Amino acid sequence: MRAERRARAEVLELVAVEGCPACHAGERAERRFFWGFVTEHYLDTGVIAAYSASLGFCGAHTRALAARHEAQWVAPTVYRYVVEGALRRLRSRAADRVGGCPACQHRRGAEGRAVEALLPYLGDRDVLGGYRRGGGLCWSHGCRAVIRATAEQAQTLVECFLEALGGAGQEVRRLAFIAGLDSDAPARIHGSHQGKHVLERLLSTGEPPSTLDLLHRRLEAGCCPVCLAGLQLEGRYASWLSEACVTNPRSIVADGVWLCPRHLHDLAREEPATASWLTALMCDRLKGEVEEATRRLSALPRASVAARLWAILGDRSRREGGLRETAGKLVRTVMRPPRRELRDIGDRLARQRPCHVCDAVATAERRAMELVIAALADGPTRQLYLRSHGLCFRHAAGAWGRPGASLFREVLGARLAVLAWELDEVGRKSSWTARHEPKGPERTAWRRAATLVDGRAFG
């Protein structure tokens, strides 16, 4: 009984905040993860194996680590193991077996536990009241909850979906419902602005560059040229979308433009009016799907299989069609379990909708990679590539079997080897015996290692 009261109190606390309770639980878990990580866990053998296998953290969690004061002494140790893991993969060409970000896995686990804890209490009046006042689960977590819910719980969830989608004049709440919470957005936007300034400086001088000149300027930027092309397209797409929503909104509606949560949050910070208009359009599309899910849920049988069988056998009017028809009803009752129908409804709501910005960026990066490979036949370009930053590990790993792969491995291996030396130097100079030696450029080696693994880590 005490455990039950404690569980209910935790759920009431969970729904007492504004915004998605699962997102809040994930962010709290993320903060706890990094607190434990920077204080002691980064030296645990199992944790070292995890972030070495994943080659560090994803972009969002790399930025989260960089924002902490402890990063100055923790990150060099972390990325020493990351660089060693990258070198091992480079030598064995095992780049296709990179593990998932450890912080992301920790966050997803906390979000799943929050959903599991919330579902049994949706029938509680106090919990449901707090849930509705705070806006409820976001779209992503709500769809996952529908898959795990009973028919009654799923009905409550989709009713709350309709409330959130129909909240006219509540643009901030509707954005939070469709895209969830995103604490990484400020750091991501800051890095994106810095990247755009690099591009403006590179491309604003002289006459419009030729294709090779443009590639040379990207190679001279000191970062992965393919990531830079993707960043350039990302900024242009946001500007184009903002203009198109004003000049030709019908084309946006006809194309069914859809943005993932990350790009919708970015657009909301860069172009608030465009994001508000597009959010309303996306809400209208989702509303039709939720209404269809509501109809399917209302048709689900609520009772157990045994109760439904007994109802059919005990209902004289249902047995008037004869033995064969009654047997058919019995078979259909058993063969159509509500659990399977519920999962189908949840899967349909949660299905992946391709983001137009992500697709455009992927195309830009693919074409930039093809340009790099084609231009390596040009002598000056090849020599410039040897002196440049070169491709990051993420893009070089996707080109192992393509022309120029040996050059990519050679340049990447050399850069990683130098970074490994620098990171070892950080550890050596932090000892008491080397206190008389001045600190050098090795202090920023871990940041360069993060961008060499994934060029978009800091925008």
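FYI, the numbering just counts along the sequence from 1. For the numbers below, each heavy atom of this structure counts, side chains included, while hydrogens, waters and symmetry mates do not. Being a predicted model, the structure only gives us computed values, none of them experimental.
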Only residue of Tyr79, Tyr42, Phe34 satisfying ring pair (Phe, Tyr, Trp, His ring centres under 6.0 Å) with Phe57 is Phe34
Walk me through whether Ser183 and Glu30 qualify under side chain to side chain contact (heavy atoms under 4.5 Å, CB included).
CA-CA 11 Å; Ser183 58; Glu30 189 177 283; 4.2 Å; yes
Query raised in the report: Would you say the side chain of Arg144 lies within less than 4.5 Å of the side chain of Val115, judging by non-hydrogen atoms?
Result: no
Using atom types as modelled, flag every donor-acceptor pair under 3.5 Å from a side chain in residues 384-392 to any protein atom, sequence neighbours excluded.
{"residue": "Tyr385", "atom": "OH", "partner": "Leu391", "partner atom": "N", "Å": "3.0"}
{"residue": "Arg387", "atom": "NH1", "partner": "Gln383", "partner atom": "O", "Å": "3.4"}
{"residue": "Ser388", "atom": "OG", "partner": "Tyr385", "partner atom": "O", "Å": "2.9"}
{"residue": "Ser388", "atom": "OG", "partner": "Gly390", "partner atom": "N", "Å": "3.2"}

Is atom CZ of Arg250 surrounded by more than 12 heavy atoms (other residues, nucleotides or ligands) closer than 6.0 Å?
-> no
By salt bridge (Lys or Arg N to Asp or Glu O under 4.0 Å), Asp126 pairs with (sequence neighbours left out) Arg8
*Do Arg132 and Glu159 meet the salt-bridge criterion of a basic N to acidic O distance under 4.0 Å?*
yes
Would a distance-only check, ignoring hydrogens and angles, find a side-chain to backbone donor-acceptor pair under 3.5 Å from Arg456 to Asp454?
no
Inset, instruction - Kindly indicate, with the supporting measurements, whether the criterion side chain to side chain contact (heavy atoms under 4.5 Å, CB included) is fulfilled by Trp446 and Val83. - result: CA-CA 9 Å; Trp446 79 266; Val83 168; over 6 Å; no
Only distances under 3.5 Å count here; give the side-chain donor-acceptor pairs of residues 253-264 to other protein atoms, sequence neighbours excluded, each with its distance to 0.1 Å.
{"residue": "Arg262", "atom": "NH1", "partner": "Glu234", "partner atom": "OE2", "Å": "3.1"}
{"residue": "His263", "atom": "NE2", "partner": "Glu234", "partner atom": "OE2", "Å": "2.6"}

May I ask you to test the Thr381-Val372 pair for a side-chain heavy-atom distance under 4.5 Å? no
Rounded to the nearest 0.5 angstrom, the CZ-CE distance for Phe408 and Met369 is 5.5 Å
Salt-bridge contact Glu111-Arg108 (side-chain N to carboxylate O under 4.0 Å): no
Contacts of Ala364 meeting side chain to side chain contact (heavy atoms under 4.5 Å, CB included) (sequence neighbours excluded), chain-then-number -> Leu233
Give a yes or no on this: more than 12 heavy atoms of other residues, nucleotides or ligands lie within 6.0 Å of atom CD of Glu18. yes
Taking it one step at a time, do His356 and Tyr237 satisfy side chain to side chain contact (heavy atoms under 4.5 Å, CB included)? CA-CA 9 Å; His356 282 60; Tyr237 195 100; 3.2 Å; yes
### Message
Would Arg295 and Glu292 count as a salt bridge (Lys or Arg N to Asp or Glu O under 4.0 Å) here? Give the steps.
### Response
CA-CA 5 Å; Arg295 287 192 290 272; Glu292 173 62 24; 2.7 Å; yes
Side chain to side chain contact (heavy atoms under 4.5 Å, CB included) filter on Ala176, not counting sequence neighbours, yields none
Margin query: I'd like to know whether Leu118 forms a side chain to side chain contact (heavy atoms under 4.5 Å, CB included) with His141, so could you lay out the CA-CA distance, the side-chain angles of the two residues, the decisive distance to 0.1 Å, and finally the verdict.
Written below: CA-CA 11 Å; Leu118 175 63; His141 292 123; over 6 Å; no
Interatomic distance, CZ@Arg348 vs CD@Glu289, rounded to 0.5 Å, equals 6.5 Å
Practice task
Please tell me if the side chains of Val290 and Trp139 come closer than 4.5 Å, counting only heavy atoms from C-beta onward.
Solution key: yes
_Donor-acceptor contact present, side-chain Arg63 to main-chain Ala457, <3.5 Å_ = yes
The reported gap from CG in Asp184 to SG in Cys58 (rounded to nearest 0.5 angstrom) is 8.0 Å
In this structure, CG of Leu55 is separated from CD of Glu84 (nearest 0.5 Å) by 12.0 Å
Separation between CG (Leu278) and CD (Glu271), nearest 0.5 Å, reads 12.0 Å
Of all heavy-atom pairs linking Ile252 and Arg285, the shortest is O-NH2, 3.7 Å
Between the SG atom in Cys138 and the CG atom in Leu175, the distance rounded to the nearest 0.5 Å is 11.0 Å
Closer than 3.5 angstrom, by distance alone: can the side chain of Arg367 be matched with the main-chain N or O of Ala229 as a donor-acceptor pair? no
Review point. Does the pair Glu291/Lys287 count as a salt bridge with the N-to-O cut at 4.0 Å?
Key: no
>> I'd like to know whether CH2 of Trp73 has more than 12 heavy-atom contacts from other residues, nucleotides or ligands below 6.0 angstrom.
In response: yes
Inset, instruction - Please determine if Glu220 and Arg217 form a salt bridge, counting it only when a charged side-chain N lies under 4.0 Å from a carboxylate O. - result: no
Item checked: Thr150 side-chain N/O to Gln153 backbone N/O, donor-acceptor pair under 3.5 Å -> yes
Taken in chain and number order and not counting sequence neighbours, the residues that satisfy ring pair (Phe, Tyr, Trp, His ring centres under 6.0 Å) with Tyr81 are none
